[in-house]
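Reading through the structure tokens given below for one structure.
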Amino acid sequence: MNLAESLTSPVFSVAGKTADQLGVDAYVVGGYVRDLILKRPSKDIDFVCVGSGIQLAEAIAKNLGKNIQVNVFKNFGTAQIRFEDLDLEFVGARRESYRSDSRKPIVEDGTLEDDQKRRDFTINALAISLNQKSYGELIDPFNGIADMKKKIIRTPLDPDITFSDDPLRMMRAIRFASQLNFDIEADTFNSIMKQKERIAIVSMERVIDELNKIVLSPVPSYGFKLLFHSGLLKEFFPEMVALHGVEYVGNNAHKDNFFHTLQVLDNVAKVSDDLWLRWAAILHDIAKPATKRYDKTHGWTFHGHEDKGARMTPGIFRKLKLPMDERMTFVQKLVRLHLRPIPLAKEVTDSAVRRLLFDAGDDVEALMTLCRADVTSKNLAKVDKILRNFDLVEKKMKEVEEKDHVRNFQPPITGDEIIAMFNLPPSKIIGELKETIKEAILEGEIKNDREEAMGLLLKVAKERGLKQSTNNQ
Ligand code: CTP
């Protein structure tokens, strides 16, 4: 196969000519070649040469034009160039050999094939030649093209070796399967099952980087099912695995909350690419195992799972090395509020809508997306009815917000103003007065405006025996 036509950037022909001038063989390898064939746009290009990658990078930079900077990483024998919007990485082909008394490989210069077989999967072990005599020629010693056609993830060597060299590759196998909708070849999958515990030696940041790519893939449940069935998920995220299973008392079973969660995640994924909204779907029922009870009259209940789930969220984020900032509090808020719109779908009142708008603020649309995704009944008529009721809730939300502006609620009278008006020392009563005003607005007893709030404040203050300060009258 010759891919010269697909190498559209001038970088490739310049790289090839430069390699000829230096008398070395140079190739594009890895993810860029895979993505070129799969027609997925990519800006990261890896070059391998049989010789010094650093020397090649420096010569290419000169040939590409003036002022092109080369970043050299001597310790790794690699170099990097930024050219237009492309990120070019250069390395010399390497081979690894293992001494019987050490697990640490000796890395030496090698051939292109030595380099290809060190790679993770056959679809990532493809190379395209850049030298003039063979420009564009595909080198595919492990049948990566055939695997791409068959939609298969497979390691070039015995998978036990490939995964043992770098256990992160077990996550990568599932990540590529989920992103590309590929199967994992049986021996490769069995090896993941066998070696799953070794994921512990990889840093959580790298594991979660891959997990987030699974979360962001088109049908994330597929990746999660592979993580679950291989046993990998339990190794780093046992809280999610605890959702799995169905318990019976007599004929009463509850639903399997693991598969329910995955369905909610897929439903969110259909309408949103927001990683954190997808995380809210993953965590929305996370406290169900901890709150599960069986009650003779009500059957299975999970009372308070939304609050407990919200309390568990920071701990899970910390452990998984997810960001402990406003992204965590967003997920936490959605977990806490995920049941709130449900009763509104049965009976929608202005005051309940105002309270929800007040509590959810600008995240109310995200909350409604999660809530809609959470409707996973098999009874389609029922689903349809609930979703139509949510349409009405959202319509009502719009009307109420236009009228009352409670979504970004700002107290119409500030604490400082109350202090000055009644000549009070900072004390509990100020908070209580503000709360009374807020409650009256949310209940619809007064409008959300300063004049009505002032009227109420004066009335309540009088009842509580407060005197207006003379210089404020
Ligand atoms: N690679 C590997 N083992 C790893 C990581 C990477 O063998 N643990 C090799 C693969 O050949 C891969 C190449 O290095 O194609 C580049 O890796 P990377 O940039 O991390 O990933 P890509 O395959 O390019 O995929 P993506 O850009 O989607 O992360």
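Atoms within each ligand, like the ligands themselves, are counted from 1 in listed order. We're numbering straight along the sequence, starting at 1.
In this structure, Gln179 and Arg40 have side chains that are in contact, with non-hydrogen atoms separated by less than 4.5 Å. Between His244 and Phe259 there is a side-chain heavy-atom pair separated by less than 4.5 Å. With a 4.5 Å cut-off on side-chain heavy atoms, Met240 and Leu262 count as touching.
For atom 19 (O) of ligand 1, no protein heavy-atom neighbour is present inside the 4.0 Å cut-off.
For the pair Ser13 and Tyr135, the tightest heavy-atom approach, listed with the atom from each and the gap, is N-OH, 3.4 Å.
Close approach of ligand 1 to Gly31 (heavy-atom distance below 4.0 Å) involves ligand atoms 15 (O), 23 (O), 24 (O). Atoms of ligand 1 lying under 4.0 Å from any heavy atom of Lys213, numbered from 1 in the order shown and given with element: 29 (O). Taking every non-hydrogen atom of Gly30 and a distance limit under 4.0 Å, the qualifying atoms of ligand 1 come out as 15 (O). Close approach of ligand 1 to Arg34 (heavy-atom distance below 4.0 Å) involves ligand atoms 22 (P), 23 (O), 25 (O), 28 (O).
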### Residue pair Asp109, Arg95: steps toward the side chain to side chain contact (heavy atoms under 4.5 Å, CB included) verdict
CA-CA 6 Å; Asp109 292 347; Arg95 132 185 130 88; over 6 Å; no

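Ring planes of Phe176 and Phe121: perpendicular class, angle over 60° (limits at 30 and 60°). Between His284 and His338, the ring-plane angle classifies as perpendicular under the 30° and 60° cut-offs.
Heavy atoms of Asp120 found under 4.0 angstrom from ligand 1 belong to the backbone as well as the side chain. Residue Met170 does not touch ligand 1, judged by heavy-atom distances below 4.0 Å. Contacts between Arg119 and ligand 1, counted as non-hydrogen atom pairs separated by less than 4.0 Å, involve both the backbone and the side chain.
The cationic group of Lys288 lies under 6.0 Å from the six-membered ring centre of Phe302 and within 45° of the ring axis, placing it in a cation-pi geometry.
The shortest N or O to N or O distance between Asp46 and ligand 1 is not below 3.5 Å. Below 3.5 Å of separation, one finds no N or O of Tyr32 facing any N or O of ligand 1.
A side-chain donor-acceptor contact under 3.5 Å links Asn212 and Trp279. With hydrogens and angles left out, the side-chain atoms of Asp266 and Tyr222 include no donor and acceptor closer than 3.5 Å.
Atom 17 (O) of ligand 1 has its nearest heavy-atom neighbour, among Glu210, Arg206, Arg172, in Arg172.
In terms of protein heavy atoms, atom 28 (O) of ligand 1 is closest to Arg175 NH1, 2.8 Å. In this structure, the protein non-hydrogen atom closest to atom 3 (N) of ligand 1 is Arg169 NE, 2.9 Å.
In this structure, Phe176 counts as a contact residue of ligand 1, since one of its heavy atoms falls inside 4.0 Å of the ligand. For Asp166, the heavy-atom gap to ligand 1 drops under 4.0 angstrom.
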